[in-house]
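Some notes on the structure that comes next.
So that the names make sense, note that chain A is the first sequence line, chain B the second, and so on, each numbered from 1.
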2 protein chains.
Amino acid sequence: MRADARRNLGKIVAAAAEVVAERGVNAPMEAIAKRAGVGVGTLYRRFPDRDALIAAVGDHYIHTMAQALDTASRTSADAWSAIWDFVSWAAAPGRAALSTALAVLPEEVIVERAEFARIRDEWVAQLAELVRRAQAEGSMRPDVGVDDLLHLLNVFTCHPDKLPAPVAADPGRYLRLMLDGMKASAATPAGA
Amino acid sequence: MRADARRNLGKIVAAAAEVVAERGVNAPMEAIAKRAGVGVGTLYRRFPDRDALIAAVGDHYIHTMAQALDTASRTSADAWSAIWDFVSWAAAPGRAALSTALAVLPEEVIVERAEFARIRDEWVAQLAELVRRAQAEGSMRPDVGVDDLLHLLNVFTCHPDKLPAPVAADPGRYLRLMLDGMKASAATPAGA
DNA sequence: AGGCAACCGGAATCCAAGATTCCACTTATC
DNA sequence: GATAAGTGGAATCTTGGATTCCGGTTGCCT
């Protein structure tokens with residue numbers, strides 16, 4: 001592969017990551033191309049189609065994400081604050097969509113990407129474990145689960161263009177509100 | 001207007017309300033037509049375009065909504081439970097999208113619909129008042145506002161097709177989680 | 001019953017937004 | 001300098017609706 005080509009490949013994946021993070025998983029190819037300072041044609045010479053490109057972004061990102069979760073769970077005093085820190089990290093500007101899109105959405109795209117699926121599953125399992133611990137510690141209410149966490153992460157980050165502007169601008173704020181609602185002490189007894 | 005035509009008009013608005021409630025504000029005309037047991041052409045004979053139809057649904061619904069808020073605030077012991085009841089009502093299956101779409105989204109469609117705008121504004125003001133009271137009572141945290149409430153209502157009900165299935169199936173559950181997070185007692189101090 | 005304007009259904013048409021393809025033109029590399 | 005790898009981006013193809021049109025029906029009045 002020619003040197004300039006390799007360079008472009010890098011710019012493309014990086015640009016795709018950025019654009020996906022801010023415009024959601026359905027960001028148009030052209031937006032990515034423009035961000036990378038490259039023609040659409042160039043994207044297609046390297047990736048057979050849109051899905052392949054997104055998947056590549058995933059491969060590139062899933063590691064970072066797994067690592068962030070790991071860090072959060074290692075540097076936090078308890079499971080609850082690990083979750084809190086991680087969610088804050090995941091919703092930070094500049095990475096929003098990625099974090100979660102990859103964790104919940106693309107079941108079709110994933111087939112045949114054993115490596116990606118493996119890390120993703122490990123990651124989810126680790127988060128689940130944190131939830132379990134937080135509940136055992138009595139800091140998280142027992143009537144919610146990892147799935148809720150993932151769904152919400154998904155809701156607030158996957159389709160920024162469908163969200164009210166203020167929400168899209170700071171999904172973290174709303175996610176933290178959700179987390180506050182997930183604290184054991186916040187639970188409103190059923191039928192209230 | 002011929003009798004059968006009037007009958008159809010009714011079926012159309014009712015069908016539109018249902019479909020919008022379950023598929024979001026962007027439900028396709030054809031879906032509405034089918035639900036009403038009528039051809040698309042018929043929709044267009046009565047309404048110049050899509051927006052007009054949606055607006056009609058709004059007129060038909062905003063009253064119900066205003067009334068629900070009124071009831072909630074009159075039958076509840078305190079401002080907080082009024083809010084709680086109203087949100088639960090608004091997110092109930094079968095009315096989801098309507099409730100909120102009309103409260104936040106369509107600023108362009110509303111021009112020239114003085115009556116609709118008036119009721120809508122009154123309605124929002126009333127909800128705002130409840131929020132103020134709840135905060136004064138010390139039951140709702142002071143760092144959130146009506147806007148947050150409206151945005152979230154919006155997020156969880158306007159585009160059901162973009163939400164993870166479990167969330168779309170029961171937006172109320174997640175909204176109540178949010179409300180729990182909005183309780184004064186749930187607030188996590190900034191910088192935690 | 002007869003006539004006709006008001007109505008209908010829904011296929012045909014129009015559009016917008018993106019994905020994907022293609023190829024004449026550049027540029028690393030040897 | 002030759003040439004295969006690489007490039008930009010206009011042209012083309014798809015998709016998902018909105019909107020238009022018109023031959024065929026019906027209510028309703030006399």
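- Considering A:Asp121, A:Asp51, A:Asp59 in turn, A:Asp59 is the only one that fulfils the salt bridge (Lys or Arg N to Asp or Glu O under 4.0 Å) rule with A:Arg113.
- Here D:dG6 is the nucleotide among D:dC28, D:dG6, C:dA28 with the atom lying nearest to any side-chain atom of A:Ala5.
- Among the nucleotides D:dG6, C:dA28, D:dG27, the one closest to any side-chain atom of B:Ala3 is D:dG27.
- Residue A:Arg50 is classed as a sugar-phosphate contact, given heavy-atom separations below 4.0 Å to backbone atoms only.
- Between A:Tyr174 and B:His151, the ring planes are perpendicular. Angles over 60° get that label, and only those under 30° would be called parallel.
- Atom CG of B:Leu9 and atom P of C:dC7 are 11 Å apart (whole Å).
- Atom NZ of B:Lys34 is separated from atom C1' of D:dG16 by 14 Å (rounded to the nearest Å).
- B:Leu43 places its CG atom 15 Å from the P atom of C:dA11, with the value rounded to the nearest Å.
- Among the atoms of the strands shown, only primed sugar atoms or phosphate atoms (P, OP1, OP2) are found under 4.0 Å from some heavy atom of A:Arg46.
- Without hydrogens or angle criteria, B:Ser139 side chain to B:Ala134 main chain gives a donor-acceptor distance under 3.5 Å.
- Distances from the side chain of B:Val40 to the nucleotides C:dC8, D:dT20, D:dA10 place D:dT20 closest.
- Comparing A:Pro48 and B:Arg6 by the nucleotide of DNA chain C that holds the closest heavy atom to each, the one mapping nearer the 5' end is B:Arg6.
- Rounded to a whole Å, the CD1 atom of A:Ile32 is 12 Å from the P atom of C:dG18.
- Considering every non-hydrogen atom in both A:Ala187 and A:Arg141, the closest pair reads CA-NH1, 3.4 Å.
- The distance between atom CG of B:Leu53 and atom P of D:dT19, rounded to the nearest whole Å, is 11 Å.
- Between B:Asn26 and B:Arg2, it is B:Asn26 whose nearest contact on DNA chain D lies nearer the 5' terminus.
- Heavy-atom nearest nucleotides on DNA chain D were determined for A:Thr42 and for B:Pro28, and the one closer to the 5' end corresponds to A:Thr42.
- Atom CG in A:Asn8 sits roughly 13 Å away from atom P in C:dT27 (whole-Å rounding).
- Distances shown here put a side-chain N or O of A:Tyr44 below 4.0 Å from the OP1 or OP2 atom of C:dT20.
- One can place CZ of A:Arg35 at 19 Å from C1' of D:dG9, the figure rounded to the nearest angstrom.
- Distance A:Ile54 CD1 to C:dT20 P: 11 Å, rounded to the nearest Å.
- A donor-acceptor pair under 3.5 Å is formed between the side chain of B:Gln135 and the backbone N or O of B:Val144.
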